[in-house]
There are 2 protein chains.
Amino acid sequence: MNELGIPTAHAAGRESGRATRAREVADSLTRAIHEHRLGPGMKLSEDEVGEIFGVSRTIVRAALQQLAHDQLVTIEPHRGAFVAQPSVREAREVFEARALLEPRTARSAAERATPEDIAILRRHITQEHAALHAGQDGAALRLSGLFHIEIARIADQATIAEFIGQLVSRSSLVIALYWRRRNALCESHAHDALLKALADRDGALAEDLMKGHLLDLLSSLDLREAPGQRRSLKEALGRA
Amino acid sequence: MNELGIPTAHAAGRESGRATRAREVADSLTRAIHEHRLGPGMKLSEDEVGEIFGVSRTIVRAALQQLAHDQLVTIEPHRGAFVAQPSVREAREVFEARALLEPRTARSAAERATPEDIAILRRHITQEHAALHAGQDGAALRLSGLFHIEIARIADQATIAEFIGQLVSRSSLVIALYWRRRNALCESHAHDALLKALADRDGALAEDLMKGHLLDLLSSLDLREAPGQRRSLKEALGRA
DNA sequence: GATGCGCAGATTGTATACGATCCTGTGTCC
DNA sequence: GGACACAGGATCGTATACAATCTGCGCATC
């Protein structure tokens, strides 16, 4: 079992006697998707997931419904849950939404960032670089997303931060499907520059950098008509 | 039974042989919240809701978890689900998020609106006025929210539209808690002006009007320290 | 040989059962 | 008379059981 490459949840389960284990399962699955261990289109059978995490289908169902709400998985009635495969259109929309939310949020963050905040961000970037050099592409991608979410948190806008979190998650799927270039280094440098602007409390610069960063990201995608490159013909037609 | 004023779901249940009835229950509850038939702080017992809709607790739980994800209800472990009571801070955040999303979306909508779209919006406004004159405050409020959501739909940005939908829902709770003036007429006039800008395809004006409309809404709230005016003393103290 | 039908296996949808936790009211002790 | 302890009831958290639905394979038919 555990062919999905998901860490058996024993360790995570110990972290707290929290009432709902559904959240734990959902978080593990979310993380697996962020790190591209679970790719778009993969089936998430309730029994299988339940066996891996040692919980009953009740819990798994709740977790999957959460992920479905975040649009990370698609639930097809009587067929099951699948890791979502954002269409080209959805991909664009995600980045358009991010372009609407994140630049202004970065400005707010720059105006409010404390030295501790900066230190946390710096640590994020360091870890991201380390993961990248270690060849752990998935981990680097997840950390890269966390950087954006952390900025939203610093801006002290929990509601917007939550939206950005959802968008970052979906971006991870978009990247899995439509990523073109293989070198993710441009990202890291963008984050370096953003960190500097935040440390300097330069809100206007941070806003501009974020806007540019998102445009870079978008332009590094291949959003032509291919709804999925390695998707099977059957699914492609069933979805077209 | 049915002391919650919720339409017994028999009719709604017939509408389609859809697989998940959880969605129906969630929609009914959402609508009840929008229309202020369910007020902030009300308890939503699983058994009670299940009995009203004629479904088991399994379904009710799924529905409540959905609403919790939309932050319309708060689930307190081992205590139950309650209609959310947004704090003053959350109230501000909701409107700040709307201020970030809706003006630009209104501009897009103005640039894309077809005559049919305009007709739909006009019908919305008409219904809103009718409900208002009939003294159906709740229905008017819900229609007012639908107006905003419809604009997002016209802008052809499903992702942003969903976010706006969530924010409008939460706004309904905010209004229930913090509304000051009794005359909601200003709203309607704002919508009239917006409709005209959209019909004229004047994107810049629509953006400005939307921004002003949201500011008006915000300023019509009483966001001082009062976490809730007509809350029962017990809950008020238990929450303070 | 290709196509349509039907049954078996597997998977999901929903309900119910049982254990755990929390609230409430009563009784006792200080 | 007031505060604490405890028991009863109610409600939630999770697992399991059963029913509905879908998928895939084999067979009959054209």
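Protein chains get the first letters and strands the later ones, always in sequence-line order, with residue 1 at the start of each.
Rounded to whole Å, the distance from CG on B/Asp47 to C1' on D/dC12 is 9 Å. In this structure, B/Glu51 atom CD and C/dT16 atom C1' are separated by 16 Å, rounded to whole Å. Counting to the nearest Å, the P atom of C/dT12 and the CD1 atom of A/Ile75 are 10 Å from each other. Rounded to whole Å, the distance from CD on A/Glu46 to P on D/dT14 is 16 Å.
Distance check: A/Arg89 CZ to A/Glu96 CD gives 9.0 Å after rounding to the nearest 0.5 Å.
There is a side-chain donor-acceptor pair under 3.5 Å between A/Glu102 and A/His148.
Counting heavy atoms from C-beta on, the side chains of B/Leu221 and B/Arg180 never come closer than 4.5 Å.
Not a single side-chain hydrogen bond (donor to acceptor under 3.5 Å, both in side chains) links A/Arg92 to another residue, sequence neighbours left out. Qualifying ring-ring contact (aromatic ring centres under 6.0 Å, His included) partners for B/Phe163, counting only residues two or more places apart in sequence or in other chains: A/Phe163.
Counting all heavy atoms, side chain and backbone alike, A/Ala109 lies closest to A/Ile154 at O-CG2, 3.8 Å.
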Reading 5' to 3' through nucleotides 15-21 of chain D, protein heavy-atom contacts under 4.0 Å coded B for base, S for sugar-phosphate only, - for none: BBB---S

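For B/Arg61, the listed nucleotide lying nearest its side chain is D/dC12; candidates were C/dT11, D/dC12, D/dC22.
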